[in-house]
Amino acid sequence: VDTIITIDDPVAEFITNTINGCDTLIINTNTTSNSTNGAYSWIVYDQNGNIYDSDSSNTISTPSFSLVNNSNTVNTQYSITLTVGDSAGCSHSYTEIITVYPRPSAQLTTIPNADCAGSDIQADGSASIGNNLIYEWSVISNWGVIINNNNSSNPIISFPDNQSGTDSIYNIQVLVISDMGCRDSINQDVTIYTRPIALFDIDSSICGPNIITPTNNSDFATNYNWSIDQNGSSNNLLAYEPDFTIPENLSNDSIIYTIQLIATSIQGCQDTTQQITTVYPRPEASIIPTLLDSCGPFTIEFINNSTANNNEPLNSMQFWWVVQGDTIQQTQDFTYTFQNDTFNIETYNVQLIVETQHGCQDIFDTTITVYPDPIAQINAIGTLVDCAPLVIDNNLIQAQNYSINNDSYIWTFTDLNGNVLATSNTIDPPIDTIVNDQDTVIVTLQAISPYGCATDVDVDTIITIDDPVAEFTTN
């Protein structure tokens, strides 16, 4: 007699931490309480039936497997089979199907990948591969960074201004998420160049015509481009500190000039600044003299008829009255007495210098002529007290000839009673004879000015005396 006995087959049963997930998927196995002890053989098959991975042991084991999906769009399936065998050669198998979702492939380009501070960069993730992708954008070192649409495939990223002199590097990341929640990300650095600082000083107000030169205080720049509006000009607008020629302002009001500087760095980044210069009009100096010429001494009152322009009153200006190069007075109007103690015509240069509150000046020049007074002068050539008959002619008296002072002469001979004895309208005296002893002739010479000055008079007296008497007797 023999006995044939059947024994319990071994039981293979396990669970996994998940049955689906994204590449790369880690599967952790765990046997159930139903699974019996024995020889454990784990085999992972890919979807084509090929062995992908395996594990075996002589006792209960719970291995982990790393499952991949090399596609970015198609699911990959694996089967994990556990076979438990005993010493009698009995065995039992259990299989789980695992689905590995595709991991998307994130792609990123930037246009451009370097630019100036304050610029926008176009980020493009549209070349990413995956199913129904969702985009999430971020920037490391993101202070001041603005992403116009965080979920767009190609957002515009705006970077803050930077004029520190040091370039900034930002790390842009795009995270793509598939419809199964699988993720991939990619990062790319972009360089944001510092912008230069355009800065200059210039006279804020001037009087034209003038040449002004800015003081260039710019930083981090290598090239400069200047411009000026209105009628300003420069012979080199690309110079570091060009000269600007400002024409005279001949209008009645101030003119504002705008000077602009565009500073450019070696990377081509720019900064622009402007300054204004006010060009004030030149005042118009003018005087109204009460008289321009006369015989000295004479006094002239100069009335200040100047115009300040720029809608400013006359008394807003300063004044200097200058005679023959000497500043005499600083009043609005001016009174001065002119002399001529010479035998010539004297001229005086009179200037009025006016200056506005903006420092703009004008000068008015005029000439004052002072004529010499006429001079009547009788010169005795012979003896004016003599015996009769006494002939009065130019051998006895003559008029001194002052050709500049005098234009004409009038001689008049009168007796003591005022009776006119003789006259002459030439430089030579009339001819007359005193016949009697003890007689007197009064000679008057008038010198007439060619300039209307007061006539000058000289008077002299010619006298005849008794002749001596010769008388004698004889025996």
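Index from 1, following the sequence. Worth knowing before you read on, the calculation uses all heavy atoms, side chains too, and leaves out hydrogens, waters and symmetry mates. All values derive from a computational prediction rather than experimental measurement.
Side-chain atoms of E312 and T356 form no donor-acceptor pair, as typed in the model, at a separation below 3.5 Å. Judged purely by distance below 3.5 Å, without hydrogens or angles, the side chains of Y101 and N69 never pair a donor atom with an acceptor atom. Using modelled atom types and a 3.5 Å distance limit, the side chains of N379 and Q398 yield no donor-acceptor pair. At a cut-off of 3.5 Å, with distance as the only test, no side-chain donor of Q357 or Y280 sits close to an acceptor on the other residue. In the model, T426 has no side-chain atom that pairs as donor or acceptor with a side-chain atom of D428 under 3.5 Å. Between D466 and Q438, the side chains place a donor N or O and an acceptor N or O closer than 3.5 Å (distance only, hydrogens not considered). With no hydrogens or angles considered, no side-chain donor-acceptor pair links S251 and D253 at under 3.5 Å. Checking Q107 against S105 by side-chain atom types alone, a donor-acceptor pair falls below 3.5 Å. For the residue pair T213 / D243, a side-chain donor-acceptor distance below 3.5 Å is found, with atom types taken as modelled. A side-chain N or O of N187 and one of N171 form a donor-acceptor pair less than 3.5 Å apart. Judged by distance alone, the side chains of N28 and S64 do bring a donor and an acceptor atom under 3.5 Å apart.
Annotation: side chain of V350 is not in contact with side chain of Y336 (no heavy-atom distance under 4.5 Å). At a threshold of 4.5 Å between non-hydrogen side-chain atoms, the residues I397 and L384 count as touching. Residues P429 and S424 form no side-chain contact, since every pair of their non-hydrogen atoms from C-beta on lies 4.5 Å or further apart. Put simply, the side chain of I140 does not reach to within 4.5 Å of the side chain of Q173, judged on heavy atoms. Proximity of R183 to L175: side-chain heavy atoms (C-beta onward) are separated by under 4.5 Å at one or more points.
For residues 337-351, the set of pairs meeting the side-chain hydrogen bond (donor to acceptor under 3.5 Å, both in side chains) definition, not counting sequence neighbours, comprises T299-T337, N340-T342, N349-D365, Q351-D365.
In this structure, the side chain of N310 engages the main chain of S254 through a donor-acceptor pair within 3.5 Å. Side-chain atoms of N236 come within 3.5 Å of backbone atoms of L238 as a donor-acceptor pair (strictly under, hydrogens ignored). Within the 3.5 Å criterion, the main-chain N or O of Q318 finds no donor-acceptor partner in the side chain of E355. For D184 (side chain) and I129 (main-chain N/O), no donor-acceptor pair under 3.5 Å exists by modelled atom type.
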>> Walk me through whether D437 and T464 qualify under side-chain hydrogen bond (donor to acceptor under 3.5 Å, both in side chains).
In response: CA-CA 5 Å; D437 294 340; T464 56; 5.1 Å; no
> Stepwise, does the side-chain hydrogen bond (donor to acceptor under 3.5 Å, both in side chains) test hold for T307 with N309?
Replying inline: CA-CA 6 Å; T307 303; N309 289 322; 5.4 Å; no
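The aromatic rings of Y240 and Y224 sit perpendicular to each other, their planes meeting at more than 60°, with 30° as the lower class boundary. Aromatic ring orientation, F413 versus W411: perpendicular (interplanar angle above 60°, classes split at 30° and 60°). Between W321 and F334, the ring planes are parallel. Angles under 30° get that label, and only those over 60° would be called perpendicular.
Close placement of the F200 and W226 rings is indicated, their centers lying within 6.0 Å of each other.
Checked options I259, T277, T245; the residue passing with I228 is I259 (criterion: side chain to side chain contact (heavy atoms under 4.5 Å, CB included)).
Salt-bridge annotation for R282 and D362: present, with a side-chain N of the basic residue lying under 4.0 Å from a carboxylate O of the acidic one.
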